[in-house]
Visitor: 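Here it is, the structure in full.
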Amino acid sequence: MERQLTYEEALSELQGIVKKLENKEVKIDELASTVARANQLVEYCQSKLQQTEAEIQKIVKKG
Amino acid sequence: MERQLTYEEALSELQGIVKKLENKEVKIDELASTVARANQLVEYCQSKLQQTEAEIQKIVKKG
Amino acid sequence: MERQLTYEEALSELQGIVKKLENKEVKIDELASTVARANQLVEYCQSKLQQTEAEIQKIVKKG
Amino acid sequence: MERQLTYEEALSELQGIVKKLENKEVKIDELASTVARANQLVEYCQSKLQQTEAEIQKIVKKG
Amino acid sequence: MERQLTYEEALSELQGIVKKLENKEVKIDELASTVARANQLVEYCQSKLQQTEAEIQKIVKKG
Amino acid sequence: MERQLTYEEALSELQGIVKKLENKEVKIDELASTVARANQLVEYCQSKLQQTEAEIQKIVKKG
Amino acid sequence: MSTTKKSYTLTQLVASIKKVLNRTYGEQSYWVTGELVKLNMKGGHYYLELADSVNGINTAQMKATIWRTQVLALQQNLGEEFRQLLQPGNRLLFRVTVTFHEIYGLSLTILDLDPAFTYGEIELKKKQTIERLQREGLLNVQKQMRLPLIMKKIVLVGSPDTSGYRDFLTELKQNRIFTNFVIQEIPTTVQGDKAVTEICAALLEADNYAADAIVLIRGGGSKMDLNVFNDYEICRTIAQLHLPLLTGIGHETDEVVADLVAHTKHITPTAVAKFLYIRVGTFRSDLQTGLDRILTQALSSLASATEQFTNTNKFLTHYFQNIITDYRSDLQAKLHRIEVGTNEILAEQRALLDLSLEKSVVAAGHCLHIVQTIELPAILEKMVLRSTNLIEIQRLELLNLQEKVAVLNPLKLLKVGYTISSIANTDLSQYKGEFIGQELQTLTDQFTVYSTITKIQK
């Protein structure tokens, strides 16, 4: 999974998949990989949420 | 069956065959082989569907 | 019957005979042999049809 | 009747006789024998036809 | 009347007589006998014709 | 009149008499008898003609 | 100039001013409004600097004093509010007496305070702050920020001593939905003189963290307590933050300006905490719902695709059977046509044979008939004709001869008187000899005359 993916992007992609499926825009050939991608997105978000972050980094402001 | 054939291609070919049969455009000499091909395509498509379903079920069970 | 004859060829020959008979282009001396040939062609075609049907039944039943 | 005579030959001879008779090219002395020949040819042809018909019936019935 | 005389011979003799008459080659002394001969020939011819007709009728009736 | 005399002979004698008369070759003293002979011949011939005609008529009527 | 000027001592003048002031203002008291500019306390006495302004320009300024006994009385009456009211910057409604002291000059002695006026003033000021922020385009800056879907990294600004602060932390860490938050705490005073400065500093500090949001909490308090969050400086600081700010100031009725400026406001710190974890919960359930819908839809797609094939085989069977049936009937039709064609050919030939025989017989009969009825009778007739003709010619010939005989018969001439002359039985026309002296015979009807020729005349 791309490390840069935000929760918003993941959810949006997931919802995009839902819409495509419901509009029957997904070919049977792509069905398994599409579902797998959806699953991956969900898992990615869950794991990201569960991930432990020690503390919040202070950012050096350029001013 | 050619491994490269996608489900969509197989379905499209199958539909072409069904149409030809419907329009009686198939010669007797080719009828058996045409039906055999159609049957092969059906089996191929069904196996593709089964395979896809199995993959999706795996995700469902895990989820 | 020649084993190499396709159904279409047999049918075409048969149609030729039918046409000749209808146009009365067959001499009496050849009439019996012509009809015999036609009958042979019909039987050949029928056996081909039966054979094709059986093959297809086998394919479809299996499917 | 000569056994070797084909139907066409017999018919052709018969038609020759008819033509000669109609053109009055037959001498009175030969008239009776000519008509007799014609009758013989007709009978021969008819038997040929019957024979052909029987053969065809046999072929067709079998079919 | 000679039994061997054909119709054609009889007719030919008859016509010879007519020609002779036309050419006035018949003497008065022979005239009566000549006419008698001619008449005899005509009668012979007619019987021949009748005979032929009967023969033909016989052939046809039998046919 | 001699019964053996044919029409031709009678006619020929008659014509000889006429010729002699025309040539005045008949002696005065034979003149009368010659003329009488001529008349006798004419009558004879005429009866012969009549007789022949009757015979022919008889033949033809009968035919 | 003249030296005889009338003059007073300063004491005389001051005494006179005091006398006039006392006579005019005396022991009377007045309700006066003014802004508290400065406050000093000394020996239990409050020394105030009051001012008034019109359009931002000072129009009056005066010292005022609340004596210790009065302070104690007001503290007893107003309680905590007394301290809140006497914050510099507040506009106050005082009951005062005018006091003139020969040495310290003119001042006011505050006898009483009406807090209701100040609250109205607070509201007025609040309104002005809002208007200013609006003018400066700061009011909606935060609102325009996108609030992250998940706010897991939180910078908390507030006073750790307050119950609201503790409630917030407890709620975040002890709920059943999501607790994996990372919290960077930045403690700050939320009341007192230094509150504004400290809060601003704390907010700026908080903005330095790579967090998802800043939470500003204050666990409730009186109207005057919360008035600090109406402060323009604090609000401007909030508006200029990079991170979205969530407030949980903890009041139930009125909102403070900080709430308006903040991205999102909640009534209590607990509500902020709930908002944060419920948002995660919602996100999770959205994910799950999405996945469920995907799976359901995918399986349904598969099911309908699979169903398509249950019929395909039926169609295939149907269609190929149709084709076979067609071909079969075509063969039957051909066979029939062959039979019909053959029968026609045979029938035609039979008819042809019959016709040929009939033609033969008719032609033969015709021949016979012609010969019999025309040719032979014609010959016969011709013969009779010729014979008759022959006889007729002979008859004519005979007649001719008969006539000739009659004409040539000399005896006939004699009868009518003619004579025939001859010499030696030769007719005179034929005679070639010597006539003279010859005997001439002359024949008549009755007799013959004999004479001798004597003379010939030509």
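Predicted model only: the values in this text are computed from it and were never measured. So you know, we letter chains A, B, ... as the sequences are listed, proteins then strands, and number each from 1.
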Visitor: Answer with side chain, backbone, both or neither: which region of C/L49 has an atom nearer than 4.5 Å to a non-hydrogen atom of chain B?
Guide: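 Side chain only.
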
Visitor: Out of curiosity, B/I28 CD1 to C/K48 NZ, how far, rounded to the nearest 0.5 Å?
Guide: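 Interatomic distance, B/I28 CD1 to C/K48 NZ, rounded to 0.5 Å: 10.0 Å.
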
Visitor: Could you give the distance from CG (B/L31) to CD (C/E53), rounded to the nearest 0.5 Å?
Guide: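 Answer for the CG-CD pair, B/L31 versus C/E53, is 9.5 Å.
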
Visitor: Would you mind checking which part of B/V35 comes under 4.5 Å of any heavy atom in chain C, side chain (CB onward), backbone (N, CA, C, O), both or neither?
Guide: both

Visitor: To the nearest 0.5 Å, tell me how far C/T6 OG1 sits from B/E30 CD.
Guide: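 It is 9.5 Å, given to the nearest 0.5 Å.
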
Visitor: What distance separates C/L11 CG from B/K27 NZ, expressed to the nearest 0.5 Å?
Guide: 10.5 Å

Visitor: Using heavy-atom distances under 4.5 Å, tell me whether C/E55 contacts chain B through its side chain, its backbone, both, or neither.
Guide: side chain

Visitor: Calculate, to the nearest 0.5 Å, the distance between atoms CD1 and CD belonging to C/I59 and B/E43 respectively.
Guide: 10.0 Å

